[in-house]
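What you see below is based on every heavy atom in this structure, not just the backbone, and it leaves out hydrogens, waters and symmetry mates. Throughout, a chain's letter reflects where its sequence line sits, starting with A, and its residues are numbered from 1.
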4 protein chains.
Amino acid sequence: MNLREKKAARKKEDILRSASKIISRRGYNGATMENIAAELLMTKGALYYYFANKEDLLYQCHYLILSEVSKQVGEIYKENISSTEKMKRAITFHIEVVINEKETFNMIIKPELIFSDEHISLILQQRDEYASIFDKIIQQGIENGEFAVKEKKMARMIILGAVNWIQQWYSSEGDKNIEDIADVYAKYLLKILT
Amino acid sequence: MNLREKKAARKKEDILRSASKIISRRGYNGATMENIAAELLMTKGALYYYFANKEDLLYQCHYLILSEVSKQVGEIYKENISSTEKMKRAITFHIEVVINEKETFNMIIKPELIFSDEHISLILQQRDEYASIFDKIIQQGIENGEFAVKEKKMARMIILGAVNWIQQWYSSEGDKNIEDIADVYAKYLLKILT
Amino acid sequence: MNLREKKAARKKEDILRSASKIISRRGYNGATMENIAAELLMTKGALYYYFANKEDLLYQCHYLILSEVSKQVGEIYKENISSTEKMKRAITFHIEVVINEKETFNMIIKPELIFSDEHISLILQQRDEYASIFDKIIQQGIENGEFAVKEKKMARMIILGAVNWIQQWYSSEGDKNIEDIADVYAKYLLKILT
Amino acid sequence: MNLREKKAARKKEDILRSASKIISRRGYNGATMENIAAELLMTKGALYYYFANKEDLLYQCHYLILSEVSKQVGEIYKENISSTEKMKRAITFHIEVVINEKETFNMIIKPELIFSDEHISLILQQRDEYASIFDKIIQQGIENGEFAVKEKKMARMIILGAVNWIQQWYSSEGDKNIEDIADVYAKYLLKILT
DNA sequence: GATGAATGAGTCTTCATTCAT
DNA sequence: AATGAATGAAGACTCATTCAT
């Protein structure tokens, strides 16, 4: 990648981050290409230089964020700590992302309404990859005796579901900070696994 | 209410049920008044005879379904059974609704994007009322020694969050039937309370 | 006309008076058949029993009011008083109507925008008849030496124009009562004729 | 203002002039954005590129024309001629505008039916400014002994009312040219002031 | 690379009108 | 005579997308 390409890549990422914000604030339909461009002090037309169309822009938003998140949870998995501790950290990390990158997580909720078939399958696959890291943590915990669940997948879905739901109520519940929430959630959700 | 009014009320309900289906299938923005009318073999104009505008139609969808659900969970609360059993039944019932009335539950996810301020507060209030029934079951269970949680509200949010999330994956996971899912979820989520 | 017909005729007149009010308040396009019906505690459908369509209703409004006005100015003309006095009274009466029946006079301003060709010619004819009474007063005044104008028609148009324009500003100029306005207008406008 | 901006400004003015024509021909409600666009060989969408909405377009029509007219009558006021001559010229000019720019003058008749409150007050203010120039001419004439009226404002309203009314009948009265009409009107209306 | 301008399909909404009862 | 219900055509407005410059 030469300098020019690097510059373009950075610009693209800037756009994706801004787009995420606006989409989360106004929803997919509420966020117009105009809005997104304005936030970046660009014109609509310029967006089309970098992205083929709105869906493409959206898809790349999704991809960027979920990639980063997957990478980080993958690293938690590789650490040399107990499975309980891994799960606790993964839950905590996930909650932080759900709340702070709320933006993009909204897009994840109903991809069928937004994306076309080709994108959908890519998205679901990427999502599975992310979830599978949690599965691996659980599997490892079972093997070393820390956890004891039969329906592993379902337990994982309960955990992620509970945790994804936080964004539904978080903003309005001003008295708790993220750390406290994460502690309580981890405490209760770990009960499920034991 | 005379015959004519009864007929009109039934018609309104018919419309609301059909509207729910389409909205869940296509999302709020994807569902046009045209679509909804077509599904009912009506014309757009007729829809506007019964509802002031799209938001009004949507709000009444939401209200109808959540009312019914609240009533039923309220009845579970009043039954003469253990708190554990109550919570198990409430979870099971809720899961059934989430899956079968998936339609309307989608509307609940991001009401700010759809409804205007007056409706929003009504919606949130109605939602709180529903959630409070779960709170009462938990409270009762604590008082009679069946449950032992400190952060009651958060426990309830974990439960409802986990359970609401089911709709995200249910359709694609064809091998489990609702009953089985509900059993497993109830089993694991009750662990949180004890 | 038997009793039934009489009753219907009275009802029709009631409708016309109410319609006038609403039309003047909201304009021709702003006044919906619904509005008009509501003011009369009727339903839209009932209006169509009495009038073929909106234009018909409007036309009959116009006809009713202008007939009454013509009749009254015609009577002033026949009185046994000086032409100056006649014109003064005619102007005063006209101003009163313009302000008090403002309602219907608005409809007169731009009939082409409202009525179809058949109605238009009837309306213009009726209007001409009204104006011709003023012409006759002027003619008489010239013949008996009270007035001295060459361009009689144009003088009449100046008078009626000045006077019709009152409705444009009347409501906002709260400090003058109709009588005072009429006096001043008559004083100045009579100067034109002498 | 650079070249591009100048071009855009000219385009906007073009649009306003065309819009005026159509509005006067078909009335505010009769003139659709589609019509206006078609007249300009544009699409509806393009219109919305230049104006926020229909009311905005209308308001700017009004503003443009009334500004120009005010400026010109203001210049008549400043000329070094007798008050009688000034009033004669002002009346003549006003009549020319009423007839030739008939288009826009119609919009002035019932602004309440068209404009929202913010615009209304701006419009009334601009109108007052225009009328006040006539007031100043009258005042000056009184001071230098040419005119002798007590109710100055009302005299001004008679003059402008008479003159505005011309558009009601002008088109149908084909045998007089504007100049002749203006002469007669000026002659008679000046009688009011002396 | 970027912009201003334009397009056109689509969406909500309104309303005069009709008609069975 | 009157009503509730329904229709359908029309209109304002939005927005993703395109393209010449």
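Note that CD1 of C:Ile15 and OH of C:Tyr49 are 11.0 Å apart. Values are rounded to the nearest 0.5 Å. Rounding to the nearest 0.5 Å places OH of B:Tyr59 at 13.5 Å from CG of B:Asn53.
Judged by distance alone with a 3.5 Å cut-off, a donor-acceptor contact links the side chain of A:Lys44 to the base of F:dT17.
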Set out, in order, the CA-CA distance, both residues' side-chain angles and the distance that settles side-chain contact (heavy atoms from CB on, under 4.5 Å) for B:Phe51 and B:Leu16, then state yes or no.
CA-CA 10 Å; B:Phe51 301 93; B:Leu16 292 175; 3.8 Å; yes
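Phosphate contact (OP1/OP2 of E:dA5, side-chain N/O of D:Tyr49, threshold under 4.0 Å): present.
Computed from coordinates, the B:Ile15 CD1 to F:dA5 C1' distance equals 11 Å when rounded to whole Å. One interatomic measurement links the two molecules: NZ of B:Lys6 to C1' of F:dG4, which rounds to 18 Å at whole-angstrom precision. As a whole-Å value, the separation of C:Lys54 NZ from E:dC15 P is 8 Å. Atoms CG (B:Asp56) and P (E:dT14) sit 12 Å apart, rounded to a whole Å. Distance CZ (C:Phe51) to P (F:dA1): 13 Å, rounded to an integer number of Å. Separating the OH atom of C:Tyr50 from the C1' atom of E:dA16 is a distance of 20 Å, rounded to the nearest angstrom. Taking atom CD1 on A:Ile36 and atom C1' on F:dC15, their separation rounds to 12 Å, with Å as the unit. Rounded to a whole Å, the CD atom of A:Glu34 is 14 Å from the P atom of F:dT17.
Using a 4.0 Å heavy-atom cutoff across all strands shown, C:Ala31 reaches sugar-phosphate atoms only and no base atom.
Screening B:Asn29, B:Ile22, B:Ile23 for a side-chain contact (heavy atoms from CB on, under 4.5 Å) involving B:Arg26 leaves a single residue, B:Ile22. Just one of A:Lys11, A:Arg17, A:Arg10 meets the side chain to side chain donor-acceptor pair (under 3.5 Å) condition when paired with A:Glu13; it is A:Arg17.
Taking the P atoms as reference points, E:dG1 lies 22 Å from F:dT21, given to the whole Å.
Of all non-hydrogen atoms in D:Ala37 and D:Thr43, the two that sit nearest each other are CB-C, 3.6 Å.
When each of C:Ala52 and A:Ala8 is assigned the nucleotide of DNA chain E with its nearest heavy atom, A:Ala8 is the one assigned upstream, toward the 5' end. Where B:Tyr48 and C:Asn53 meet DNA chain E, the nucleotide closest to each residue was compared, and B:Tyr48 sits on the side nearer the 5' end.
Between the side chain of B:Lys54 and the main chain of B:Ala31, a donor-acceptor pair closer than 3.5 Å is present.
Taken together, the paired segments of DNA chain E that extend over three or more consecutive Watson-Crick or G-U pairs, each closer than 3.5 Å at both contacts, are E:2-21 with F:2-21.
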Can you give me the N/O atom pairs linking the protein to nucleotides 19-21 of chain F at distances under 3.5 Å, or say none if there are none?
none

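The side chain of A:Ala46 has E:dA2 as its nearest neighbour among E:dA2, F:dT7, E:dT7.
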